[in-house]
Amino acid sequence: MSELLKGLNQPQLDATTHSDSSVLVLAGAGSGKTKVLTTRIAWLIQTGQINPFELMAVTFTNKAAKEMLFRITSMLPINTRGMWVGTFHGLCNRLLRTHFREANLPQTFQILDSADQLSLVKRVMKSLSIDEVRYPFRQAQYFINSNKEEGLRPDKVEPVDDFGRTLTEVYRAYDRTCANEGVVDFSELLLRSYELLLKNERLLKHYQNRFKHILVDEFQDTNRLQYAWLKLLAEQGACVMAVGDDDQSIYAFRGANSGNMLSFETDFAIEKVVKLEQNYRSLGNILDGANALIKNNDGRLGKNLWTDQGEGEPIRVFRAMTDGEEASFIIEEIQALRNSGTELKNIALLYRSNAQSRVLEHGLFSAGLPYRVYGGLRFFERQEVKHALAYLRLIANTSDDGALLRIINFPTRGIGNRTIENIRDLAERSGSTLWQAACSAPLSGRSVTAVTGFINLIEKLKNETLGFSLPDLIEHAIESSGLVEHYQKDRDGQDRLENLTELINAASAFVAERASTPSLEPQMENNAEEGFNVTELDPLIDFLAHASLEAGDNQAHAGEDALQLMTVHAAKGLEFHSVFISGLEEGLFPHENSINEHGGLEEERRLMYVAMTRAMRRLYLSHSQMRMLHGQTRYNIESRFIDEIPETILKKINDAKFITTSAAPRPHKPTMVSRNTPGGFRIGQQVKHAKFGIGIIVQVEGQGTDARLQVNFRESGLKWLALEYAKLTQA
DNA sequence: TACCTCCACGTTTTT
DNA sequence: CGTGGAGGTA
């Protein structure tokens with residue numbers, strides 16, 4: 001047992017071997033939190049304190065879950081397959097699959113990803129004839145998700161105005177449609193399994209008794225529903241270890257509530273908070289800089305990272321005239337780093353928003369530096385893959401209207417909008433699914449054969465492939481659906497064809513992985529004894545859930561030595577030898593949209609903190625006085641975040657040649673300068689309006705008395721105001 | 001059905 | 001400045 005615990009520092013050891021009660025671990029960046037989590041699991045099992053199935057470990061990303069399982073396996077020779085280690089959504093999926101009857105779901109229920117959900121919301125809103133200008137689809141989607149995350153069903157939502165009432169109706173209709181079609185969105189997975197436990201006393205007791213230990217990673221990112229879910233499961237005295245870092249909470253904008261860390265202390269009667277403050281990643285100056293920055297936030301739980309590895313080099317700051325010059329500087333530095341032996345894959349180029357990558361990519365491309373951009377389309381989100389999956393989904397569950405609509409005429413088979421409208425009408429009138437309507441539709445002429453052709457195709461697929469292995473089924477489906485033929489004809493369909501082949505490979509790998517590690521679930525769960533039905537999972541259903549829950553990698557070509565480009569958000573959890581943070585300008589980073597939001601600036605600062613603490617040895621900060629954004633030249637001032645780092649650990653490098661030669665400033669258009677200052681008003685300035693109250697100038701158009709200002713008001717949102725008429729004062 | 005033109009929009013995003 | 005979506009036309 002001591003073997004496991006070797007090499008842990010004192011706080012790490014305290015956390016790892018804490019017993020008999022819940023504990024909060026404040027784990028700073030690079031302080032070894034994953035090590036603590038996994039060692040603790042191994043230790044609990046190895047010392048016989050618990051059986052593997054009496055423990056649950058929850059993470060946010062599949063990557064983190066896999067990493068955890070991998071590390072556990074390397075410490076203990078046990079089969080981790082049946083263990084409840086996974087993401088919130090993955091574990092909820094498992095729960096709902098096991099107890100689909102109690103959860104009132106069809107056994108074959110499908111999981112909608114965000115894009116699927118959005119198109120369902122569109123369909124619902126169109127069928128309700130809701131004005132899509134006043135009620136943007138995305139906003140409705142957000143409304144639905146945030147209510148679910150608060151645990152509110154449509155009948156519990158209390159709208160304050162007509163706007164809210166309409167959206168609540170959309171929510172109601174949406175929920176009804178989901179039920180009819182047998183589909184479940186991401187937040188539904190959580191809410192449904194929370195309600196399942198809440199409603200089903202016997203089931204709740206079973207799981208409460210089963211899980212003696214619950215471990216939660218990235219606790220600062222939990223939302224209210226996830227917190228409630230955990231609390232419910234732990235109510236019978238499970239020991240919960242919550243590991244998190246309030247300073248790295250950067251997802252409040254999508255519902256994460258780092259206040260859960262405070263609630264946790266009181267709700268779980270925490271006696272001891274363990275702080276992991278020794279950092280094993282970065283050199284001293286980088287940590288000092290990050291510490292100094294984050295001190296400007298209020299209400300922190302409090303924590304100061306330190307290292308014993310020396311102070312290292314100062315943090316380098318570069319001020320460019322233009323965005324192009326900023327890129328040139330970064331590229332020259334990268335080349336220098338490369339020449340001195342740093343591999344490109346150990347260098348990260350970070351930015352606040354994706355739009356900023358273009359200028360950088362342009363420069364990198366010209367310089368011939370290989371780079372890899374993170375973000376963008378993931379494997380299971382690609383059009384051709386989604387089409388193939390839609391065929392599979394329809395085979396698995398014919399009431400999936402979304403899947404049907406996606407492929408009923410793709411590849412085109414002569415079923416036009418007209419025909420589809422008829423089928424929809426019919427379905428609407430008879431309250432049936434599109435599939436049923438299509439089967440019975442009294443259609444005229446050509447469309448009859450087309451529609452029956454489609455129905456026969458799916459039926460045939462279903463019958464012919466009985467007993468096929470999953471990869472064979474998929475291969476058969478993409479062949480006879482005409483997808484392969486369609487993309488063969490397509491001029492640039494090569495990549496898509498490859499992806500379809502890759503889908504078959506993914507299925508093979510999926511099946512192989514399941515086969516090689518048989519689930520311990522039945523023995524472990526003793527479900528039979530408890531009287532629960534455990535049904536063998538259909539591999540197809542299982543694979544489809546996997547595709548929704550784990551969208552796969554963004555990029556195919558990993559492994560080669562390439563510079564890493566990504567947003568700061570995407571960099572969370574990663575580390576690099578050298579890090580460049582670009583675009584450190586007021587309005588960009590901190591982003592102008594976040595300035596007005598409550599807590600917005602502090603979240604931006606945490607974002608900066610995350611960015612800085614990615615660096616192991618060298619950190620660069622850069623900004624530009626002039627930048628092309630959204631087709632407009634903007635003049636930005638240096639980010640306040642640079643000022644928040646002590647001068648003593650900064651080194652401002654403004655090499656003369658960058659100021660004079662490379663990327664000379666673009667010629668000024670005279671209007672540009674005046675844009676910013678009609679009537680003494682400028683972008684970013686806080687103003688007061690008699691009716692709308694306090695706001696910030698976001699944009700300026702025109703000059704003199706013609707000038708119009710766009711102001712973002714705290715209460716009433718974005719407004720365009722004519723300077724001549726609106727009585728604005730400085731606030 | 002495919003293509004084209006026009007228009008609106010433009011933080012961060014995992015599951 | 002670019003892109004993506006929607007809607008109209010051949």
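From a predicted model like this one, the values you see are computed outputs, not experimental measurements. Each chain gets a letter, A, B and so on, in the order the sequences are listed, and its residues count up from 1.
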Fill in: dT12(B) versus dG5(C) - spacing of their P atoms, nearest Å
16 Å

Fill in: Pairwise C1' distance, dA6(C) and dT11(B) [rounded to whole Å]
25 Å

Worksheet item: Rounded to the Å, how far apart are Leu190(A) CG and dT14(B) P?
Response: 16 Å

Discussion item. Under 4.0 Å, heavy atoms only, any strand: does Glu132(A) hit a base, just the sugar-phosphate, or nothing?
Written reply: nothing

Worksheet item: Rounding to a whole Å, what distance do you find between Ile595(A):CD1 and dT12(B):C1'?
Response: 14 Å

Discussion item. Which residue is it: Leu190(A), Asp185(A), Leu191(A)? I am looking for the one with a side chain to side chain contact (heavy atoms under 4.5 Å, CB included) to Ser187(A).
Written reply: Asp185(A)

Worksheet item: Between atom NE2 in His89(A) and atom P in dT13(B), what is the gap in whole Å?
Response: 17 Å

Fill in: Candidate nucleotides dT13(B), dC1(C), dT15(B), ranked by approach to the side chain of Met628(A) - the nearest
dC1(C)

Worksheet item: Can Phe253(A) be classed as stacking with the base of dT13(B), given a centroid separation cut-off of 5.5 Å and a plane angle cut-off of 30°?
Response: no

Discussion item. Using a 4.0 Å heavy-atom cut-off, does Tyr251(A) contact any base of the nucleic acid, only the sugar-phosphate backbone, or nothing at all?
Written reply: sugar-phosphate

Practice prompt. Return the nearest nucleotide to the side chain of Arg378(A); candidates are dT1(B), dT12(B), dT15(B).
Written response: dT15(B)

Discussion item. What contact category does Ser594(A) fall into here, base, sugar-phosphate, or nothing, at under 4.0 angstrom with non-hydrogen atoms?
Written reply: nothing

Worksheet item: Between dT13(B), dT15(B), dT11(B), which nucleotide gets closest to the side-chain atoms of His630(A)?
Response: dT11(B)

Practice prompt. For Gln117(A) and dT13(B), give me the distance from atom CD to atom C1', rounded to whole Å.
Written response: 14 Å

Practice prompt. Go through dT15(B), dT12(B), dT13(B) for me and flag the one nearest to the Asn62(A) side chain.
Written response: dT15(B)

Fill in: Which nucleotide in dT14(B), dT11(B), dT13(B) has an atom nearest any side-chain atom of Arg352(A)
dT11(B)

Discussion item. Quiz question: going by heavy-atom distance under 3.5 Å, is there a donor-acceptor pair between the base of dT14(B) and the side chain of Arg254(A)?
Written reply: yes

Worksheet item: Which nucleotide in the set dT11(B), dA6(C), dT14(B) lies at the smallest distance from any side-chain heavy atom of Lys122(A)?
Response: dA6(C)

Worksheet entry | Side-chain N,O (Asn593(A)) to OP1/OP2 (dT12(B)) below 4.0 Å | no

Discussion item. Need one value for Asp221(A): base, sugar-phosphate or nothing, where a base atom within 4.0 Å counts as base even if backbone is also close, heavy atoms only.
Written reply: nothing

Worksheet item: Are Arg424(A) and Glu421(A) ion-paired here, with the side-chain N under 4.0 Å from a carboxylate O?
Response: yes

Worksheet item: Which whole-number value in Å describes the distance from Arg138(A) CZ to dT11(B) P?
Response: 12 Å

Item to complete: Using a 4.5 Å cut-off on heavy atoms from C-beta on, say whether the side chain of Met608(A) contacts that of Glu604(A).
Response: no

Worksheet entry | Worked check of side-chain hydrogen bond (donor to acceptor under 3.5 Å, both in side chains) between Glu644(A) and Asn296(A) | CA-CA 8 Å; Glu644(A) 291 174 4; Asn296(A) 292 290; 3.3 Å; yes

Fill in: Protein-nucleotide distance (Gln226(A), atom CD; dT14(B), atom P), rounded to Å
15 Å

Worksheet item: With respect to the phosphate group of dT3(C), does any side-chain polar atom (N or O) of Arg358(A) fall under 4.0 Å of OP1 or OP2?
Response: no

Discussion item. If you assign Thr567(A) and Asn409(A) each to the DNA chain B nucleotide with the nearest heavy atom, which residue ends up on the more 5' nucleotide?
Written reply: Asn409(A)

Item to complete: Tell me which of Ala570(A) and Thr412(A) sits closer to the 5' end of DNA chain B, going by the nucleotide each one is nearest to.
Response: Thr412(A)

Fill in: Atom-pair distance (CG on Asp116(A); C1' on dT15(B)), nearest Å
12 Å

Practice prompt. Compute the ring centroids of His569(A) and Tyr251(A), then answer whether they are less than 6.0 Å apart.
Written response: yes

Discussion item. Between P on dT14(B) and CG on Asn145(A), what's the gap in Å once rounded to a whole number?
Written reply: 15 Å

Discussion item. Under 6.0 Å from the ring centre and within 45 degrees of the ring axis: does the NZ or CZ of Arg254(A) meet both conditions for the six-membered ring of Tyr142(A)?
Written reply: no

Item to complete: May I ask you to establish whether Arg372(A) and Tyr374(A) are in a cation-pi arrangement, using a distance under 6.0 Å from NZ or CZ to the six-membered ring centre and at most 45° from the ring axis?
Response: yes

Worksheet item: Think Asn93(A) has a side-chain N or O under 4.0 angstrom from the OP1 or OP2 of dT15(B)?
Response: no

Fill in: Ser187(A) (side chain) and dT15(B) (base): donor-acceptor pair under 3.5 Å
no

Discussion item. For dT11(B), is there a stacking contact with His591(A), counting only centres under 5.5 Å and planes under 30°?
Written reply: yes

